[in-house]
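Here's the structure we're looking at; comments come further down.
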Amino acid sequence: MVRNSNLYLVSLVLVAILGGLLFGYDTAVISGAEQALQKHLGLNAFWHGVTASSALIGCVIGGAISGVCASRMGRRNSLRLSAVLLFLSALGSYYPEFIFFEKGDTSFSLILAFNFYRILGGVGVGLASAISPMYIAEVAPSEIRGKLVSCNQFAVIFGMLVVYFVNYMIKDGMTEEVLVSEGWRKMFVSEAYPAAVFGILLFFVPKTPRYLVMEGNDSKALYVLERINGPEKAKKIFADIKSVTAEKTEKLFTYGVAVIVIGILLSVFQQAIGINAVLYYAPRIFEKIGGGGDGMMQTVIMGIVNITFTLVAIFTVEKLGRKPLLIIGSIGMAIGALGTAACDELHVSGMIAVLCIIVYSAAFMMSWGPITWVLIAEIFPNTIRGKAVAIAVAFQWIFNYLVSSTFPAMYEVSPFFAYSLYGAICLIAAFFVWKWVPETKGKTLEEMNQLWLSRKGK
């Protein structure tokens with residue numbers, strides 16, 4: 001008889017959330033390297049913006065193809081592909097001159113080669129961002145699913161914090177000349193280590209039970225369910241999965257248009273509220289508004305605050321539910337963003353301005369950061385989940401790119417306008433959640449089918 005094991009479930013989740021850690025690591029590594037990289041390559045303002053955000057182009061591609069990969073390759077093999085791409089990207093970004101160029105070359109072709117490697121890593125991030133929470137949601141028991149999927153966002157923020165520390169330690173004591181010639185390289189290659197560990201560990205985890213059922217491997221699916229839930233509960237979950245996965249695939253709009261639109265808008269609002277404008281450009285923002293110390297160290301402090309408030313979400317998501325956290329977080333972000341705008345308008349700098357930025361970021365970390373991923377992993381029925389998640393995640397990365405690429409110009413012209421705009425969008429997001437987003441707390445993934453079919457009939 002197979003006995004259920006909490007340790008087994010924890011080990012599966014820990015491996016899956018390494019995808020989240022690499023998501024955070026890869027997207028934040030540029031914050032410490034972008035200024036030195038700009039000087040090394042002699043980038044003008046346009047190409048600096050393109051190069052700083054080129055990974056996001058890959059993220060859009062990775063998010064868009066994640067559904068096809070998840071359906072055809074499976075969740076586990078898609079994560080393996082993500083690990084390989086991130087590993088190659090780290091090495092290529094460290095030494096873009098590989099084979100075709102001499103070290104120190106700063107030609108336009110070299111700039112394109114560097115961006116190619118960053119885009120390659122972005123594809124890996126796009127895959128991991130969609131499939132890591134999907135994997136966790138499909139192995140987790142319904143009563144703790146929100147908490148476990150939220151752990152993926154914790155890993156994202158922890159990855160950012162780790163790379164903030166790594167960048168700070170690499171930069172610490174390094175002369176400007178060495179930083180421009182070699183320091184940025186060390187920042188990028190540091191990602192190769194966690195990417196390699198992620199890829200290796202993925203050979204020791206199973207496919208998800210729901211995917212195993214969809215490919216006809218019932219005995220293996222039941223075995224994995226029993227190891228996670230115990231024999232009796234596993235049989236019931238297995239029967240529920242079988243009842244809603246009689247067909248491998250269904251048309252995207254089988255359950256109505258609303259579920260797809262709500263999933264997309266959750267992704268759009270998560271980015272339109274402007275958080276990544278802060279995360280990607282944090283050192284420059286802190287250096288401009290002051291507050292003592294250097295921008296890199298204040299970024300590390302913000303990372304610690306972000307970790308703390310992500311833990312708030314993890315420990316309250318199953319008690320308060322998804323909707324209350326999103327609404328509370330939206331209002332908190334609006335206060336932080338509008339406070340930052342007011343500081344700019346009134347020429348208030350120093351710690352007050354820094355605290356407003358931290359409030360803005362912390363409110364996101366206890367709400368839209370983890371909870372969006374929880375909902376995207378939960379709300380879609382099994383038979384359309386791969387395709388629907390891919391669409392939602394692709395929109396997320398598109399708007400991530402739009403916000404990140406437009407923020408520097410808006411910030412240069414008027415920080416007041418930039419943060420006022422984000423504050424207004426936060427309030428609109430709160431209304432959207434209150435009015436249209438369903439509460440999924442305590443529901444099984446199979447119950448999503450009935451929820452959306454009932455809404456479709458109204």
Practice task
Spell out, as yes or no, whether a donor-acceptor pair under 3.5 Å connects the side chain of N400 to the backbone of Q396.
Solution key: no
Handout entry: Which atom of I376 lies closest to which atom of A392, heavy atoms considered
Key = CD1-CB, 4.3 Å
Practice task
Give a yes or no on whether I352 atom CD1 has more than 12 heavy-atom contacts from other residues, nucleotides or ligands under 6.0 Å away.
Solution key: no
Problem - Heavy atoms from other residues, nucleotides or ligands near OH of Y401 exceed 12 (cutoff 6.0 Å) - result: yes
Problem - Donor-acceptor contact below 3.5 Å, side chain T175 vs main chain V178 - result: yes
Completion exercise
Looking only at heavy atoms, the pair that brings P96 and Y117 closest together is CA-CE1, 4.0 Å
Exercise for the section: Kindly give the heavy-atom pair with the smallest separation between V224 and P209, and that separation in Å. Expected result: CG1-CG, 3.8 Å
Exercise for the section: Could you check whether the rings of F114 and F188 sit parallel, tilted or perpendicular, using 30° and 60° as the cut-offs? Expected result: perpendicular
Practice task
Using the ring of Y8 (Phe, Tyr or Trp, six-membered ring only), decide whether R227 places NZ or CZ under 6.0 Å from its centre and within 45 degrees of its axis.
Solution key: yes
Handout entry: I428/F269 under side-chain contact (heavy atoms from CB on, under 4.5 Å): CA gap, chis, key distance, verdict
Key = CA-CA 9 Å; I428 296 170; F269 276 117; 3.8 Å; yes
Practice task
Please check if the side chain of S66 supplies one atom and the backbone of A130 the other of a donor-acceptor pair under 3.5 Å.
Solution key: no
Problem - Identified side chain to side chain contact (heavy atoms under 4.5 Å, CB included) counterpart of C59 within the set V125, D26, V123 - result: V125
Practice task
Report yes if the side chains of L179 and Q35 come closer than 4.5 Å at any heavy-atom pair, otherwise no.
Solution key: no
Problem - Short side-chain donor-acceptor distance under 3.5 Å, T440 and E378 - result: yes
Exercise for the section: Taking side chain to side chain contact (heavy atoms under 4.5 Å, CB included) as the test, write out the residues that go with L402, two or more places apart. Expected result: I398, F399
Fill in the blank from the handout: d(T316 OG1, R322 CZ) to nearest 0.5 Å is 10.0 Å
N/O donor to acceptor pairs below 3.5 angstrom from side-chain atoms of residues 200-208, sequence neighbours left out:
{"from": "K207", "atom 1": "NZ", "to": "E215", "atom 2": "OE2", "distance (Å)": "3.3"}
{"from": "T208", "atom 1": "OG1", "to": "E138", "atom 2": "OE1", "distance (Å)": "2.7"}
{"from": "T208", "atom 1": "OG1", "to": "Y211", "atom 2": "N", "distance (Å)": "3.2"}

Exercise for the section: Report the relative orientation of the aromatic rings in Y95 and F98; use parallel for angles under 30°, tilted for 30 to 60°, perpendicular for over 60°. Expected result: perpendicular
Problem - Heavy-atom side-chain contact between I314 and P370 under 4.5 Å - result: no
Handout entry: Side-chain heavy atoms of S89 within contact of L86, under 4.5 Å
Key = no
Handout entry: Point-to-point distance, once rounded to the nearest 0.5 Å, from CZ of R118 to CG of L37
Key = 9.0 Å
Practice task
Answer with yes or no whether the side chains of R80 and N77 bring together a donor and an acceptor at under 3.5 Å.
Solution key: yes
Problem - Sole candidate of E34, E177, E176 that passes salt bridge (charged side-chain N to carboxylate O under 4.0 Å, His left out) when paired with K39 - result: E176
Exercise for the section: Indicate yes or no for a side-chain donor-acceptor contact from E102 to the backbone of E97 under 3.5 Å, with no hydrogens or angles considered. Expected result: no
Handout entry: Of I371, I328, T310, the residue whose pairing with M366 passes side chain to side chain contact (heavy atoms under 4.5 Å, CB included)
Key = I328
Problem - Main-chain N/O of A90 paired to E191 side chain as donor or acceptor, under 3.5 Å - result: no
Problem - Step-by-step side-chain hydrogen bond (donor to acceptor under 3.5 Å, both in side chains) determination, W397 to S129 - result: CA-CA 10 Å; W397 285 112; S129 69; 3.0 Å; yes
Practice task
Check whether any side-chain heavy atom of I307 sits under 4.5 Å from a side-chain heavy atom of F154, and report yes or no.
Solution key: yes
Practice task
State, with a plain yes or no, whether a side-chain heavy atom of I260 is found less than 4.5 Å away from one of I384.
Solution key: yes
Problem - Euclidean distance, L127 CG relative to M73 CE, rounded to 0.5 Å - result: 8.0 Å
Handout entry: Donor-acceptor contact below 3.5 Å, side chain N115 vs main chain S54
Key = no
Exercise for the section: On the 0 to 90° scale, with breaks at 30° and 60°, tag the Y422-Y360 ring pair as parallel, tilted or perpendicular. Expected result: parallel
Problem - Atom of V259, atom of F380 and distance for their closest heavy-atom approach - result: O-CE2, 3.4 Å
Exercise for the section: May I ask you to check whether over 12 heavy atoms, not counting those of F432, lie within 6.0 Å of atom CZ? Expected result: yes
Handout entry: Pair Y94-S190, side-chain donor/acceptor within less than 3.5 Å
Key = no
Practice task
To the nearest 0.5 angstrom, please state how far the CD1 atom of I17 sits from the OG atom of S150.
Solution key: 11.5 Å
Problem - Inter-residue atom distance C343.SG - L338.CG, 0.5 Å rounding - result: 11.0 Å
Exercise for the section: To the nearest 0.5 angstrom, please state how far the CE atom of M160 sits from the CG atom of N167. Expected result: 12.5 Å
Exercise for the section: Count the heavy atoms belonging to other residues, nucleotides or ligands that lie under 6.0 Å from NZ of K186, then report whether that count exceeds 12. Expected result: no
Problem - F101 and S109, any side-chain heavy atoms less than 4.5 Å apart - result: yes
Exercise for the section: Verify, without hydrogens or angle tests, whether S78 (side chain) and C69 (backbone) share a donor-acceptor contact under 3.5 angstrom. Expected result: yes
Completion exercise
Closest heavy-atom pair, A337 versus Y419, reported as atoms and distance to 0.1 Å, is O-CB, 3.3 Å
Problem - Closest non-hydrogen atom pair, R75 against I131 - result: O-CG2, 3.4 Å
